[in-house]
Amino acid sequence: MKVPEHVSIIMDGNGRWATERGLDRTAGHMEGVESVRACTEAAVECGVKYLSLYAFSEENWGRPQSEVDALMGLMFKSMVEELSNFLDNGIRFIVLGNRQRLAEALNSEIDACMEKTKDNGTLTLVIFLSYSGKWDILQAAKKFALEVARNPGREEELMAMGPEGFDRYLVTAGIPDPDLIVRTSGEMRLSNYLLWQGAYSELVFSDLMWPDFRKEAFRSVLETYSKRDRRYGKVK
């Protein structure tokens, strides 16, 4: 089976999963952590090198404060509990997004976890937290504009730069674009996620709510991907 190097998942449906069962939305997020663990294990078992997860968007800051606090607390708790697993299984942990909006304690724990796992090479697990595709492109454009302004002698060189050169200004610099983007819960949109990086990603939409998306479902989307013919606008 043709295995993608980078699988990215929009983890959707936690709240609805909980509501359908008469539970608080937080219960859905807690159950979703089990799906993160299952899919991370499946990615390692299948030979995927990068697994990225859309955990919290810039727009999610507009949710009720109680839910935001619960999500951030869950993120903190999960990192502490999973660190030994990351180290035992060679998993490098990275968080990308507008981290200026995160609490100092959470940022400190993120930095510590990233530092301790930086040399692991079996799988890179990327968590997108306080992220949006438009924000990412905008902050990259600002970095580029600042570099042009600071280097007038290189203006012609910089203005001739192609898409590959612009990649280095994005928060995902050094990480390959996703081969496959999966969204759960039956919704069929990208919701402002990896708009630049996902330009040629294969898309798979699953009707399963994220808390129900486990190893079997992960392997199923890899099987679907393996049957796709990726032409990148060309003719084979």
Side-chain angles (χ1 to χ4, degrees), residues 1-12 14 29-56 74-97 99 106-107 109-131 136 167-168 170-184 193-194 196-198 200-204 206 208 210-226 228 230:
M1 180 175 70
K2 179 178 63 176
V3 177
E5 179 183 23
H6 182 177
V7 177
S8 194
I9 305 177
I10 301 172
M11 306 181 294
D12 195 20
N14 289 338
H29 297 306
M30 293 177 66
E31 189 65 25
V33 172
E34 296 302 317
S35 292
V36 171
R37 185 177 293 114
C39 288
T40 301
E41 291 176 359
V44 171
E45 292 165 1
C46 294
V48 173
K49 300 304 294 181
Y50 293 84
L51 174 64
S52 58
L53 305 172
Y54 198 14
F56 192 88
L74 190 57
M75 180 69 187
F76 187 98
K77 180 173 181 287
S78 297
M79 276 190 297
V80 172
E81 294 179 348
E82 292 300 316
L83 179 58
S84 61
N85 178 51
F86 294 158
L87 295 174
D88 290 343
N89 292 282
I91 298 171
R92 179 170 63 137
F93 178 80
I94 296 176
V95 172
L96 298 177
R99 290 182 53 190
L106 179 55
N107 267 324
E109 190 62 35
I110 289 171
D111 287 338
C113 193
M114 288 173 59
E115 177 63 26
K116 291 173 183 176
T117 64
K118 66 179 182 180
D119 295 323
N120 292 344
T122 301
L123 172 75
T124 296
L125 176 63
V126 183
I127 303 297
F128 284 95
L129 193 63
S130 187
Y131 175 87
D136 193 7
D167 286 347
R168 67 188 175 94
L170 299 165
V171 295
T172 50
I175 296 173
D177 291 343
D179 302 292
L180 171 64
I181 295 178
V182 180
R183 181 169 186 150
T184 60
Y193 180 57
L194 295 181
W196 177 282
Q197 299 88 334
Y200 272 102
S201 301
E202 294 297 319
L203 306 178
V204 173
S206 171
L208 291 174
W210 176 244
D212 293 325
F213 195 92
R214 301 295 168 92
K215 285 188 177 183
E216 183 179 349
F218 186 87
R219 294 192 179 102
S220 178
V221 297
L222 293 195
E223 182 68 29
T224 297
Y225 169 84
S226 71
R228 299 282 179 89
R230 305 184 75 193

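Rounded to the nearest 0.5 angstrom, N85 CG and R37 CZ are separated by 7.5 Å. Between the CZ atom of R183 and the OG atom of S8 there is a distance of 12.0 Å, given to the nearest 0.5 Å. Note that OG1 of T172 and OH of Y50 are 11.0 Å apart. Values are rounded to the nearest 0.5 Å. Going from atom CD1 of I94 over to atom CE of M114 covers 5.5 Å, rounded to the nearest 0.5 Å. Interatomic distance, I181 CD1 to L194 CG, rounded to the nearest 0.5 Å: 5.5 Å. The line from CD1 of I10 to OG of S206 is 12.0 Å long, rounded to the nearest 0.5 Å.
Counted within 6.0 Å of NZ on K2, heavy atoms from surrounding residues, nucleotides or ligands total more than 12; the atom is thus considered enclosed.
Side-chain contact between F218 and L222: present, with at least one pair of heavy atoms (C-beta onward) separated by less than 4.5 Å. At least one side-chain heavy atom of W196 sits under 4.5 Å from a side-chain heavy atom of L170. At least one side-chain heavy atom of Q197 sits under 4.5 Å from a side-chain heavy atom of D136. Counting heavy atoms from C-beta outward, V221 and V7 have side chains that stay 4.5 Å or more apart. The side-chain heavy atoms of V126 and H6, taken from C-beta on, include no pair separated by under 4.5 Å. For the pair F128 and M11, the minimum side-chain heavy-atom distance is 4.5 Å or more. Between N89 and T122, the closest side-chain pair of non-hydrogen atoms is not below 4.5 Å. Between L87 and T117 there is a side-chain heavy-atom pair separated by less than 4.5 Å.
Proximity of a side-chain donor or acceptor of D177 to a complementary backbone N or O of G198 within less than 3.5 Å is not detected.
Here the shortest heavy-atom pairing between V171 and Y131 reads CG2-CE1, 3.8 Å. For I91 against L125, the heavy-atom pair with the smallest separation is CG2-CB, 3.9 Å. Across M75 and F93, no two heavy atoms sit closer than the pair CE-CZ, 3.8 Å. Across D12 and T184, no two heavy atoms sit closer than the pair O-OG1, 2.7 Å. Residues V36 and W210 come closest through the heavy atom pair N-CZ2, 3.7 Å. L129 and A55 get closest at one heavy-atom pair: CD1-CB, 4.4 Å.
Under the rule for a side chain to side chain contact (heavy atoms under 4.5 Å, CB included), the partners of K49 that lie at least two apart in sequence or sit in another chain are E5. For T124, the side-chain hydrogen bond (donor to acceptor under 3.5 Å, both in side chains) partners at least two apart in sequence or on another chain are R92.
Side-chain contact of R214 with S35: a donor-acceptor pair under 3.5 Å is present, judged by distance alone.
No salt bridge links R219 with E216; every basic N to acidic carboxylate O contact stays at or beyond 4.0 Å. Contact check on D111 versus R99 returns a salt bridge, with a Lys/Arg side-chain nitrogen under 4.0 Å from an Asp/Glu carboxylate oxygen.
Using a 30° and 60° split on the angle between ring planes, Y54 and Y193 fall in the parallel class, below 30°.
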**Item:** Pair L51-I9, side chain to side chain contact (heavy atoms under 4.5 Å, CB included): steps then yes or no
**Value:** CA-CA 8 Å; L51 174 64; I9 305 177; 4.1 Å; yes
